[in-house]
J.: 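Sharing a structure with you now.
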Amino acid sequence: MRLALIAVLIGVACLTTGASAADVERWVVVPDASTITMRVGTPVGARTGRFTRWNGDIRFDPDRPETAEVEIEVDSASLRMEDARLTATAVGAGFLDSGRYPRIAFRLTGLDRAGGNRFTARADITMKGVTRPVRFPATLRSDGQTAQMTGGFSLDRAAFGIGTRGPWNGLIGQQVRVDVSLATRPAD
């Protein structure tokens, strides 16, 4: 749910293939051109939210994207839903529990070419003290001065202990969709 949430998801690239982190250029996120969103089903339709605060450590070589290293931290309390009541519930103790678990972590563990600018990303997501692996298709475009990664995946919220107790559990879909659009540029 917040993974995006980390985000996200923010990256799609962390398998090193011979280059050390010191050899790979550091990149930064362009927040105004990036988004981490989530969507979950309910009996009255899908509910969506957007994470508004995150940061990342990104090391990226446009000529060798498979060597990218990405770690993103999302502020779990930064989730904003369609209205204030939904936001309060989503970041509250029964769901993301932002008070006890203020961060959602995304760490890219591999990026495999799937043809052209398409990749299969592998990452570990940590929420509420639980880490689970995810695999997802991602698209990466770079002109050497900017890079844009887009991708998305579904998470089983119960696997992270999110919304598993009380009346909400039966009313909210088990799968949470996380979509990421990450714009980056070389660090100054």
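Note that the coordinates shown come from a computational prediction; the quantities given were computed from them, not determined experimentally.
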J.: So do Ile162 and Asp97 actually touch side chain to side chain, heavy atoms under 4.5 Å?
T.: no
J.: Mind listing the closest non-hydrogen atom pair of Ser181 and Gln148 along with its distance?
T.: OG-NE2, 2.6 Å
J.: For Gln174 and Asp156, does a side-chain donor sit closer than 3.5 Å to a side-chain acceptor?
T.: yes
J.: Side chain of Thr35, backbone of Thr37: donor and acceptor closer than 3.5 Å?
T.: no
J.: Is Arg185 paired with Asp188 through a side-chain N to carboxylate O contact shorter than 4.0 Å?
T.: yes
J.: Hey, is the main chain of Ala159 close enough, under 3.5 Å, to the side chain of Arg132 for a donor-acceptor pair?
T.: yes
J.: Does some side-chain heavy atom of Val70 sit less than 4.5 Å from a side-chain heavy atom of Met149?
T.: no
J.: Side chains of Arg113 and Pro65, heavy atoms from C-beta outward: is any pair under 4.5 Å?
T.: yes
J.: Quick one: pull up OG1 in Thr150 and CG in Leu140 and give me the separation to the nearest 0.5 Å.
T.: 8.5 Å
J.: Report yes if some heavy atom in the side chain of Asp61 is under 4.5 Å from a heavy atom in the side chain of Glu25; otherwise report no.
T.: no
J.: For Val29 and Ser34, work out which heavy atoms get closest and say how close.
T.: CG1-OG, 3.6 Å
J.: Working to the nearest 0.5 Å, report the span between OG1 of Thr87 and CG of Leu79.
T.: 6.0 Å
J.: Above 12 or not: heavy atoms from other molecules or residues under 6.0 Å from CZ of Arg80?
T.: yes
J.: Give, for atom OG1 of Thr52 and atom CD1 of Ile36, the distance between the pair rounded to the nearest 0.5 Å.
T.: 10.0 Å
J.: Apply the test side-chain contact (heavy atoms from CB on, under 4.5 Å) to residues Arg26 and Asp57: give CA-CA distance (whole Å), side-chain angles for both, the deciding distance (0.1 Å), then the verdict.
T.: CA-CA 8 Å; Arg26 191 151 185 255; Asp57 183 17; 3.2 Å; yes
J.: Do Phe119 and Asp112 have side chains that approach each other closer than 4.5 Å (heavy atoms only, starting at C-beta)?
T.: no
J.: Closest approach of Phe136 and Gly152, non-hydrogen atoms and distance?
T.: CB-O, 3.2 Å
J.: Walk me through whether Arg107 and Glu71 qualify under salt bridge (Lys or Arg N to Asp or Glu O under 4.0 Å).
T.: CA-CA 4 Å; Arg107 185 177 63 83; Glu71 292 189 21; 5.2 Å; no
J.: Counting C-beta onward and ignoring hydrogens, is there a side-chain heavy-atom pair between Asp75 and Trp54 closer than 4.5 Å?
T.: no
J.: Do the non-hydrogen side-chain atoms of Ile125 and Phe160 ever get within less than 4.5 Å of each other?
T.: yes
J.: Mark yes or no for whether Thr42, through its side chain, and Gly45, through its backbone, hold a donor-acceptor pair below 3.5 Å.
T.: yes
J.: Quick one: does any side-chain atom of Arg157 pair with a main-chain N or O of Gly163 as donor and acceptor, under 3.5 Å?
T.: yes
J.: Check the hydrophobic clustering (I, L, V, M, F, W, Y; side-chain heavy atoms under 4.5 Å; chains of links allowed) and say if Val130 and Val40 are grouped together.
T.: yes
J.: Which label fits Trp27 and Phe60: parallel for a plane angle under 30°, tilted from 30 to 60°, or perpendicular past 60°?
T.: perpendicular
J.: Would you say that Phe51 contacts Met38 through its side chain, given a criterion of any heavy-atom pair below 4.5 Å between the two side chains?
T.: yes
J.: Rounded to the nearest 0.5 Å, what separation is found between the CZ atom of Arg53 and the CZ atom of Arg103?
T.: 8.5 Å
J.: Once rounded to the nearest 0.5 Å, what's the spacing between atom CG of Asn117 and atom OG of Ser142?
T.: 11.0 Å
J.: Taking all non-hydrogen atoms of both residues, which atom of Arg177 and which atom of Ser154 are closest, and how far apart?
T.: CD-OG, 3.9 Å
J.: So, Lys128 side chain and Arg100 main chain: donor-acceptor pair closer than 3.5 Å or not?
T.: no
J.: Any chance the side chains of Glu82 and Thr48 put a donor and an acceptor closer than 3.5 Å?
T.: yes
J.: When rounded to the nearest 0.5 angstrom, what distance separates CZ in Arg141 from CG in Asp143?
T.: 12.0 Å
J.: Identify the two heavy atoms, one from Gly49 and one from Met81, that lie closest to each other, and give their separation to 0.1 Å.
T.: CA-SD, 3.7 Å
J.: Please confirm whether the backbone N or O of Val28 pairs with a side-chain atom of Thr184, one donor and one acceptor, at under 3.5 Å?
T.: no
J.: Walk me through whether Arg39 and Arg47 qualify under side-chain contact (heavy atoms from CB on, under 4.5 Å).
T.: CA-CA 6 Å; Arg39 182 178 66 244; Arg47 298 294 184 197; over 6 Å; no
